[in-house]
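A short worksheet on the structure shown next.
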Amino acid sequence: MPSQCCADLTDDTPRPVHSPVPAVTQYATPDLIGGIAYKGYDPACDDGWRTTGAPTRAAYARWCRHMCGIACLRMALLHRDGHAPSMFQLLTGARHYGAYVQQTGGDIKGLIYAPFGQYVRATHALPADVHPDLTMPALLNLLDAGRMVMASVSKEIRRPDLEPERRGGHLVLVIGRGDKVVYFRNPSGHTPQAREGSLPADRFEAFFGGRGLSLDLPATVRRRPAAYRPATQAARE
């Protein structure tokens, strides 16, 4: 039986917080995130890189800083299905749909919401809607409807006592809300508390970039998801 958070309820009662949702990080070793973020530690030196499914250490080092959205998707799939492709298998599929673009000079542009949403719907049978202009009340309404939301926030949401220099630029997976509190998973959280975060809604809004992508897990919890796209040579580039 599906958990209550994803049950096919017929009334308008706000859904509970999705649980359990594992904390998946975009970096192979969570304990190294603080050093990467604040001490100049090179993620290429992380000997745990193979756990991401990366074909080489160099490929992991090239992509890990760009994989917050991939980590969010993996968390959602693990919650729904109990299993999920590796980070680099998901990255390969997202790239196939154009959710990441390698620009002239080698810079990486992404995550691009519209093609990523197409990938999520087509490959993982998971309804996904892009919200380019998302207010905080609208985000809360999506949570009350049972959706998870990949929300664009400042990366410094992991240190919420500080004022952010900008809003947006990083993705967290918002998994529900309580009375004036928002619960989320942060793929670049540098402590256990930052990875499994919660903030008052008005404080979350200080970091929120006003855009995101919502995932309708209750709509698919009773369906068998589409076959996962296997990794291809694109992940090796």
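In what follows, residues are counted from 1 in the order of the sequence shown.
Of all non-hydrogen atoms in P85 and L77, the two that sit nearest each other are CD-CD1, 4.2 Å. Taking every heavy atom of both residues into account, Y97 and A122 meet most closely at OH-CB, 3.2 Å. The shortest non-hydrogen separation linking A194 to F184 is O-CE1, 4.4 Å. Here the closest heavy-atom approach between residue F116 and residue A94 is recorded as CD1-CB, 4.1 Å. Pairing each heavy atom of Q89 with each of S86, the nearest pair is OE1-N, 2.9 Å. The two residues H79 and C6 make their nearest non-hydrogen contact at NE2-SG, 3.4 Å.
By the salt bridge (charged side-chain N to carboxylate O under 4.0 Å, His left out) test, E165 is found to be paired with no residue, residues two or more places apart in sequence or in another chain being considered. Residues forming a side-chain hydrogen bond (donor to acceptor under 3.5 Å, both in side chains) with D129 (at least two apart in sequence, or on another chain): R147. Scored by the salt bridge (charged side-chain N to carboxylate O under 4.0 Å, His left out) test, E205 finds no partners at all (sequence neighbours excluded). When the salt bridge (charged side-chain N to carboxylate O under 4.0 Å, His left out) test is applied to R166, no partner is found at least two apart in sequence or on another chain.
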- Intermediate values then yes/no, side chain to side chain contact (heavy atoms under 4.5 Å, CB included), L134 and L142: CA-CA 10 Å; L134 186 62; L142 288 169; 3.9 Å; yes
- Task: Could you check H131 against L139 for side chain to side chain contact (heavy atoms under 4.5 Å, CB included), going step by step and ending with a plain yes or no?
- Result: CA-CA 9 Å; H131 305 275; L139 186 151; over 6 Å; no
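Shown are L213, V24, L90; of these, the side-chain contact (heavy atoms from CB on, under 4.5 Å) with L73 is made only by L90.
In this structure, E163 pairs ionically with R203, as a charged nitrogen and a carboxylate oxygen lie closer than 4.0 Å.
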Output side-chain donor-acceptor pairs under 3.5 Å for residues 174-182, partner residues at least two apart or in another chain, one line each.
from: R177; atom 1: NE; to: D144; atom 2: OD1; distance (Å): 3.0
from: R177; atom 1: NH2; to: D144; atom 2: OD2; distance (Å): 2.7

Which atom pairs, donor and acceptor, lie under 3.5 Å between side-chain atoms of residues 25-37 and protein residues at least two apart or in another chain?
from: T25; atom 1: OG1; to: Y27; atom 2: O; distance (Å): 2.6
from: Q26; atom 1: NE2; to: C64; atom 2: O; distance (Å): 3.1
from: Q26; atom 1: NE2; to: R65; atom 2: O; distance (Å): 3.3
from: T29; atom 1: OG1; to: D46; atom 2: OD1; distance (Å): 2.7
from: T29; atom 1: OG1; to: D46; atom 2: OD2; distance (Å): 3.1

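Looking only at atom types and distance, the side chain of D81 has no donor-acceptor partner in the side chain of H124 under 3.5 Å away.
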